[in-house]
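I have placed the structure first, in the form of structure tokens, so that the comments after it can refer back to it.
Nothing here was measured: the structure is a model prediction, and the numbers come from that model.
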Amino acid sequence: MRTSLRRIPVRTIFGSHPEDGVSAIAISQDAKYLATISAGAVQRVCVWKWTLPTEKPACSTELRPDFGYQDYVSFNPQNPNEFVSNSKTQVIFYLWVSRDGESCASLLSLQTFKTVVGHFSQSVFHSNPTEALTGTSAGKLVVWDSTDPHCCPRELRDKPHSVKATKVVSLQKESITVLTVLESFIVTGDVKGQIKFYNGRLQLLFCYSHSRVGSIRSISFCKPPPGPAGASSAGSASCTACSQPFTRNFILSNADATVFHVATDGRNFEKVMEEAKKAVNAIACHPRQARLALGSHCGLLKVWDYEQREYLVSRIFPEASIQCLSYDPEGYFLAAGFTDGSVYILDAISLQSSCKEFKFSRGPVTHVSFSHDSEYFATADETHTVTVYKRVLQNGSRCWEHFAELCSHYKPIRSILFGVQLESNEPRLLSLGEDRHLIEYDLSISSKDHLEVLHRDRIEQIAVPLCLAWYPQLRQGTAFPWDPHLPMGPHPSQAPSVLTGGLADFAC
């Protein structure tokens with residue numbers, strides 16, 4: 001399945017919260033206003049009239065630190081001048097007019113209800129214009145009501161607790177992670193992947209669940225009702241409903257960065273996309289095509305077309321985390337190094353294994369690189385070892401086998417780099433470590449299980465080198481530093497040299 005990411009921004013607000021970024025955002029029901037909350041230690045709440053050509057908010061207010069870290073915000077669908085936000089311990093209600101923001105807050109404590117309510121997850125306004133709801137990690141629903149809904153903003157300033165928690169309803173045992181209101185329905189999502197629909201009296205109407213869905217993070221409903229369809233059920237999906245079934249499809253995302261489309265009439269959960277749920281550790285560009293490979297700590301490998309902005313193919317490696325990626329010079333293969341010391345050579349199009357898995361590294365693989373002719377590829381790992389693999393033919397197909405390895409550094413290796421011998425067009429291999437040594441290996445005289453060192457140079461006394469790159473070849477007649485270890489060619493501009501970058505500076 002391909003997912004298009006082509007979108008044209010209607011409006012961009014630059015620097016809404018330039019110091020800290022944005023922790024929460026919501027748009028009003030009439031689509032005229034935005035509410036944003038900054039992500040810093042001292043949070044600021046802003047309301048934006050985004051359709052106007054201005055970079056300043058219509059109003060803003062600063063929150064006290066004792067309100068807790070506010071990470072969710074929602075407008076009142078019946079009144080765009082009201083919205084609510086919450087942290088894990090406090091819910092704040094806002095009424096804004098003109099350029100002056102007013103807020104009131106109430107803390108729900110254990111002493112208030114003499115029961116465990118858990119942490120707050122999300123807050124929304126009910127169809128009743130004076131009520132609001134908050135879901136909790138204990139599976140409860142807190143009902144808030146205005147003591148005087150007709151009071152003006154000036155009176156709110158004198159009565160900051162004009163919104164009170166009136167009751168707590170025990171809905172379920174599972175922690176509520178998502179709470180929203182759709183027409184007359186109150187909808188919840190929980191940590192077990194259940195989507196439940198309640199009426200205004202908080203009576204359960206429908207429940208959708210699937211074995212593949214984990215903790216839910218968001219739910220979004222389709223606007224038009226779906227037509228009749230005969231979709232078949234998938235996996236172990238189930239639905240419990242009353243005689244009047246719910247007929248609006250919806251999209252949900254979970255904590256594993258997976259998005260599902262749910263067809264309510266057929267009880268079908270269809271996976272729309274799956275993204276990395278942990279940090280992206282590796283990235284590689286295809287040498288000839290507009291393709292970008294991304295490898296994450298959760299073992300997900302994805303390839304994108306960055307010109308068409310389309311997802312092409314993916315593969316999940318559940319056993320270990322991806323640490324490094326590299327295409328071969330022709331772009332036929334993609335090498336991936338993992339935290340368990342394994343190395344995979346994959347077909348660049350299908351991501352299927354082209355060779356048997358290599359596992360010669362004794363620690364996590366941190367770098368991988370191919371020679372210019374793909375005769376060799378090399379890896380570096382956290383045990384300060386460089387491992388070289390050499391190309392062979394197996395059953396008429398090109399593959400690689402383990403050639404030699406050497407623990408050549410005594411501190412972490414920061415770069416491995418292949419180059420080209422000027423006279424013979426044979427590959428060169430260099431490695432750079434935090435031990436401040438730049439090492440070149442002699443592949444021509446190395447043999448099976450024996451990697452020969454040609455040069456070992458200490459390049460710095462103080463700075464710690466972090467990266468390595470070839471100095472680009474320039475036109476004839478241009479003077480620049482050349483590599484003293486190589487014989488001079490017809491002209492100095494044809495002799496390569498390397499650049500090393502470190503914590504203090506860089507050098508040739």
Side-chain angles (χ1 to χ4, degrees), residues 284 287 323-330 333-337 341 343 345 355 358 360-363 365-392 398-459 465-473 482-487 489 494-501 507-508:
Q323 288 275 90
C324 52
L325 294 170
S326 178
Y327 281 101
D328 77 300
E330 297 296 324
F333 301 96
L334 177 64
V343 178
I345 303 296
C355 301
F358 299 111
F360 293 92
S361 298
R362 292 184 293 272
V365 178
T366 57
H367 300 80
V368 60
S369 180
F370 283 90
S371 63
H372 72 289
D373 55 3
S374 296
E375 182 70 17
Y376 299 92
F377 82 87
T379 65
D381 59 50
E382 290 188 3
T383 64
H384 317 149
T385 300
V386 172
T387 305
V388 179
Y389 300 82
K390 190 173 183 179
R391 186 171 61 186
V392 294
R398 179 169 50 170
C399 196
W400 288 264
E401 67 176 9
H402 177 263
F403 181 60
E405 61 185 59
L406 181 65
C407 185
S408 50
H409 294 267
Y410 61 88
K411 286 189 177 181
I413 298 173
R414 299 308 304 236
S415 289
I416 55 174
L417 186 67
F418 275 100
V420 183
Q421 300 283 0
L422 291 181
E423 292 182 341
S424 63
N425 203 39
E426 292 295 318
R428 302 172 64 187
L429 176 61
L430 300 91
S431 65
L432 178 70
E434 290 186 10
D435 54 7
R436 302 184 178 89
H437 280 101
L438 176 64
I439 300 176
E440 180 172 3
Y441 306 88
D442 196 329
L443 298 177
S444 61
I445 64 173
S446 297
S447 59
K448 180 67 174 176
D449 297 325
H450 179 73
L451 185 59
E452 190 71 28
V453 172
L454 179 62
H455 295 288
R456 182 187 297 269
D457 298 299
R458 185 175 179 87
I459 61 172
L466 300 178
C467 52
L468 184 68
W470 288 109
Y471 197 98
Q473 293 188 12
W482 56 86
D483 193 329
H485 298 309
L486 286 178
Q494 298 179 1
S497 63
V498 292
L499 294 174
T500 60
C508 294

**Complete:** When rounded to the nearest 0.5 Å, the distance separating CZ of Phe403 from OG of Ser446 is 5.5 Å

**Request:** Indicate whether the side chain of His409 and that of Ser431 have a donor and an acceptor atom separated by less than 3.5 Å.
**Result:** yes

**Request:** Indicate yes or no: at least one non-hydrogen side-chain atom of Leu429 is less than 4.5 angstrom from one of Val386.
**Result:** yes

**Fill in**
Distance col, row Leu438:CG vs Arg414:CZ, nearest 0.5 angstrom, shows 15.0 Å

**Prompt:** Mind checking whether Glu426 and Val420 have side chains closer than 4.5 Å, heavy atoms only?
**Reply:** no

**Request:** Taking Ser361 for its side chain and Val365 for its backbone only, find out whether a donor-acceptor pair lies under 3.5 Å.
**Result:** no

**Message:** Nearest 0.5 angstrom please: Glu452 CD to Leu406 CG, how far?
**Reply:** 9.0 Å

**Prompt:** Do the side chain of Trp470 and the main chain of Leu417 share a donor and acceptor less than 3.5 angstrom apart?
**Reply:** no

**Message:** Restricting to non-hydrogen atoms, name the atom on Ser374 and the atom on Pro329 that form the minimum distance, rounded to 0.1 Å.
**Reply:** OG-CD, 3.3 Å

**Message:** When you measure from the side chain of Asp457 to the backbone of Ile459, do you find a donor-acceptor pair of N or O atoms at a distance under 3.5 Å?
**Reply:** no

**Lys/Arg-Asp/Glu bridge criterion (N-O < 4.0 Å) met for Glu401, Lys390** = no

**Message:** With a 4.5 Å cut-off on side-chain heavy atoms, are Ile413 and Glu382 touching?
**Reply:** no

**Fill in**
In terms of heavy-atom contacts, Leu432 and Cys467 come closest through CD2-O, 3.2 Å

**Request:** Could you grab the distance from atom CG of Leu466 to atom CD of Glu434, nearest 0.5 Å is fine?
**Result:** 6.5 Å

**Prompt:** Does the Thr385 side chain pair with the main chain of Asp381, one donor and one acceptor, at a distance under 3.5 Å?
**Reply:** no

**Prompt:** Where the side chain of His450 meets the backbone of Lys448, is there a donor-acceptor pair that is under 3.5 Å apart?
**Reply:** no

**Prompt:** For the residue pair Ser326 and Phe370, what are the closest heavy atoms and their distance?
**Reply:** O-CE1, 3.5 Å

**Request:** Spell out, as yes or no, whether a donor-acceptor pair under 3.5 Å connects the side chain of Ser371 to the backbone of Tyr376.
**Result:** yes

**Prompt:** Does Leu454 reach the side chain of Tyr441, with side-chain heavy atoms less than 4.5 Å apart?
**Reply:** no

**Asked** In a check of ring pair (Phe, Tyr, Trp, His ring centres under 6.0 Å) between Tyr389 and each of Phe358, Phe333, Trp400, which one passes?
**Response** Phe358

**Item:** Sidechain-backbone polar pair: Arg456 side chain, Ser408 backbone, donor-acceptor under 3.5 Å
**Value:** yes

**Prompt:** Should Glu405 and Arg362 count as an ion pair when the cut-off is N to O under 4.0 Å?
**Reply:** yes

